[in-house]
Number of protein chains: 2
Amino acid sequence: MSVTVITRLTGMARWEPGTRERLQAAAMDLYLSRGFEGTTAADIAQAVGLTERTFFRHFADKREVLFGGQELLVQAFLDGVAAAGPHASPLEMIESALSAAATFFTAERRDHSRRRQVVISANPALQERELLKSAALAASLASALRSRGVPGSTATLAAESAVTVFGVTFSTWIAADEQRSFPAIQREVLRELVALADGAR
Amino acid sequence: MSVTVITRLTGMARWEPGTRERLQAAAMDLYLSRGFEGTTAADIAQAVGLTERTFFRHFADKREVLFGGQELLVQAFLDGVAAAGPHASPLEMIESALSAAATFFTAERRDHSRRRQVVISANPALQERELLKSAALAASLASALRSRGVPGSTATLAAESAVTVFGVTFSTWIAADEQRSFPAIQREVLRELVALADGAR
DNA sequence: GTCTATAGTGCGATAGAC
DNA sequence: GTCTATCGCACTATAGAC
């Protein structure tokens, strides 16, 4: 269906809205079926009736298309830090941040997360990008902790630890046989980390 | 000096040895002076009297040239795990691993590490690669811990925490005004992580 | 060693929305 | 008129295939 027809029918803008989202969905489908490297940017663009050049207007590169919407997750972490009590310890702040972030990972989302992870796990280039996103999250989180008075290196350690807990939780959550909810797993993982530092053998 | 001359003079193999090392050195110089993106693979190859094609025979991509020799560091971590006492706790195992790894970072190495980090910090693509290497290190370490009887998720958490401590230590160590030795900083950072989990406020 | 597909960029043109 | 999404074309460099 041409853009012109759509415009006439609906009276909406010249361009169909949600271009980014449609590109993201098409990319996921193609990456799943043909693999990341077997899919060209032109393939994705064509799948939604656009040109390669337009794809690169929306996404800096072929990987980025899988990582849209992370800003909301980052914001949840930051809100969680802000929500911690006025005399909270760093550990309590990251506990609060992790709880806030966990609300994203509902039962309905689990399948989508699994499919996405299949694509990422199959390709080192995508893993690199995912690691960069995690590092950016840790940096934001550390900054939020510092602005709440946590000293520099402690803030970094706490933030990185939180991201580690989150990561372990996520990969447990998407495991094939896992039944527990995201928050339940996360509480358990955090407890395990604390126990580790306690030095129990 | 041409390859032929060297061959005649020394009677060694047809090609100058240490090709990888010379490419790595040339890449560092060029990345520092012109920037990573302002340097082509052909530039690097040419600087050592080789062709672009030869560069890609030695390194899978333009980034990889900065990450040679990491295997030795990984091995040091693994040896450190093995060196921990027979009844060591996971925390003691990573303590031992961190100590073993620290021996790499002598005073003489500090300047080289600093220059290298300038290049990496200036480019997200290089940061991605560095993060992938760190993730690989964490995975190897986790595997070593598991083979010493540490249960799955605890091993992952311990390994990731060790890599976090190592990373914080490294960036502190290369800071402009830092005087302490690598092992001294690292002991401090590890203590800080333990204190964090103790929940002190 | 050569050849080629693809990623990604720069720039100008178009065309509707406002 | 301005703004913005899109297209089209030319171009370089990477990286892999042959």
Side-chain angles (χ1 to χ4, degrees), chain A residues 1-28 30-31 33-68 119-120 122-130 132, chain B residues 3-4 14-16 19-20 23-24 26-28 30-31 33-68 119-120 122-130 132:
Chain A
M1 193 190 290
S2 80
V3 169
T4 315
V5 171
I6 289 180
T7 305
R8 290 220 188 98
L9 288 173
T10 64
M12 60 177 66
R14 170 139 162 47
W15 316 111
E16 271 191 88
T19 304
R20 281 182 66 90
E21 289 71 21
R22 288 182 303 125
L23 283 168
Q24 287 174 333
M28 260 285 281
L30 289 168
Y31 290 171
S33 54
R34 305 184 199 173
F36 173 73
E37 300 196 322
T39 306
T40 70
D43 291 337
I44 302 166
Q46 199 180 20
V48 289
L50 296 170
T51 65
E52 183 187 57
R53 193 68 189 82
T54 303
F55 176 88
F56 285 113
R57 264 190 69 80
H58 286 273
F59 303 99
D61 60 54
K62 250 181 81 182
R63 297 171 219 169
E64 200 61 23
V65 69
L66 282 181
F67 295 88
V119 174
I120 293 174
N123 198 289
L126 292 172
Q127 289 159 37
E128 286 188 332
R129 181 54 49 86
E130 190 175 44
L132 191 67
Chain B
V3 167
T4 315
R14 177 138 181 265
W15 294 283
E16 269 193 89
T19 303
R20 281 182 64 92
L23 283 168
Q24 286 174 334
M28 261 284 281
L30 290 168
Y31 290 170
S33 54
R34 306 185 199 170
F36 173 73
E37 300 198 323
T39 307
T40 70
D43 292 336
I44 301 167
Q46 200 180 19
V48 192
L50 297 171
T51 66
E52 185 187 60
R53 187 65 187 80
T54 305
F55 175 89
F56 284 113
R57 247 196 284 277
H58 285 275
F59 302 99
D61 59 56
K62 247 181 86 182
R63 296 172 227 171
E64 200 61 23
V65 69
L66 282 181
F67 296 87
V119 175
I120 293 174
N123 198 288
L126 292 172
Q127 290 159 37
E128 286 188 332
R129 180 55 50 85
E130 189 175 45
L132 190 67

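Every chain is numbered from 1 and lettered A, B, ... according to where its sequence line falls, protein lines coming before strand lines.
In this structure, A:Gln46 atom CD and D:dG8 atom C1' are separated by 15 Å, rounded to whole Å. Between the CZ atom of B:Phe55 and the P atom of C:dG1 there is a distance of 17 Å, given to the nearest Å. What separates CG of A:Leu50 from C1' of D:dT6 is a distance of 8 Å, to the nearest Å. We find that CZ of A:Phe36 is positioned 13 Å from P of D:dG16, with the value rounded to whole Å. Atom NZ in B:Lys62 sits about 16 Å away from atom C1' in C:dT6, given to the nearest Å. Rounded to whole Å, atom P of D:dA15 lies 13 Å from atom CG of A:Asp61. One interatomic measurement links the two molecules: CD of B:Glu37 to C1' of D:dT12, which rounds to 13 Å at whole-angstrom precision.
Between A:His58 and the phosphate of D:dA5, there is no side-chain N or O to OP1/OP2 separation shorter than 4.0 Å. Between D:dT12 and B:Thr40, no contact under 4.0 Å exists linking OP1 or OP2 to a side-chain N or O. For A:Thr54 and D:dT6, the shortest distance from a side-chain N or O to OP1 or OP2 is not below 4.0 Å.
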Can you give each donor-acceptor pair under 3.5 Å made by side-chain atoms of residues 57-65 of chain B, sequence neighbours left out, with the distance rounded to 0.1 Å?
{"from": "B:Asp61", "atom 1": "OD1", "to": "B:Arg63", "atom 2": "N", "distance (Å)": "2.9"}
{"from": "B:Asp61", "atom 1": "OD1", "to": "B:Glu64", "atom 2": "N", "distance (Å)": "3.1"}
{"from": "B:Asp61", "atom 1": "OD1", "to": "B:Arg129", "atom 2": "NH1", "distance (Å)": "3.2"}
{"from": "B:Asp61", "atom 1": "OD2", "to": "B:Arg129", "atom 2": "NH1", "distance (Å)": "3.3"}
{"from": "B:Asp61", "atom 1": "OD2", "to": "B:Arg129", "atom 2": "NH2", "distance (Å)": "3.1"}
{"from": "B:Lys62", "atom 1": "NZ", "to": "B:Phe36", "atom 2": "O", "distance (Å)": "3.0"}
{"from": "B:Lys62", "atom 1": "NZ", "to": "B:Thr39", "atom 2": "O", "distance (Å)": "2.7"}
{"from": "B:Arg63", "atom 1": "NH1", "to": "A:Glu128", "atom 2": "OE1", "distance (Å)": "2.9"}
{"from": "B:Glu64", "atom 1": "OE1", "to": "B:Arg129", "atom 2": "NH1", "distance (Å)": "2.5"}
{"from": "B:Glu64", "atom 1": "OE2", "to": "B:Lys133", "atom 2": "NZ", "distance (Å)": "2.6"}

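Nearest heavy atoms, B:Ala122 versus B:Pro124: O-CD, 4.1 Å. Closest approach of A:Phe67 and A:Leu126 over heavy atoms only: CZ-O, 3.7 Å. Between B:Leu66 and B:Val119, the closest heavy-atom pair is CD1-CG1, 3.8 Å. Residues B:Gly68 and B:Arg20 approach most closely at CA-NH2, 4.4 Å, considering heavy atoms.
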Using the 3.5 Å cut-off, write out each protein N or O paired with an N or O of nucleotides 2-4 of chain D and the distance between them.
none

Every protein N/O within reach of nucleotides 9-12 of chain C N/O, cut-off under 3.5 Å:
{"from": "C:dG10", "atom 1": "N7", "to": "A:Arg53", "atom 2": "NH2", "distance (Å)": "2.9"}
{"from": "C:dG10", "atom 1": "O6", "to": "A:Arg53", "atom 2": "NE", "distance (Å)": "2.4"}

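A:Gly49 comes within contact range of the sugar-phosphate backbone alone, with a heavy-atom separation under 4.0 Å but no base atom that close. Within 4.0 Å of B:Thr51, counting heavy atoms only, lies no atom of the nucleic acid at all.
The structure places CZ of B:Phe55 at 12.5 Å from OG1 of B:Thr19, a figure rounded to the nearest 0.5 Å. Interatomic distance, A:Gln24 CD to A:Tyr31 OH, rounded to the nearest 0.5 Å: 10.5 Å. Separating the CE atom in A:Met28 from the CD1 atom in A:Ile44 is a distance of 12.0 Å, to the nearest 0.5 Å.
Within 6.0 Å of the CD atom in A:Gln127, the count of heavy atoms belonging to other residues, nucleotides or ligands exceeds 12.
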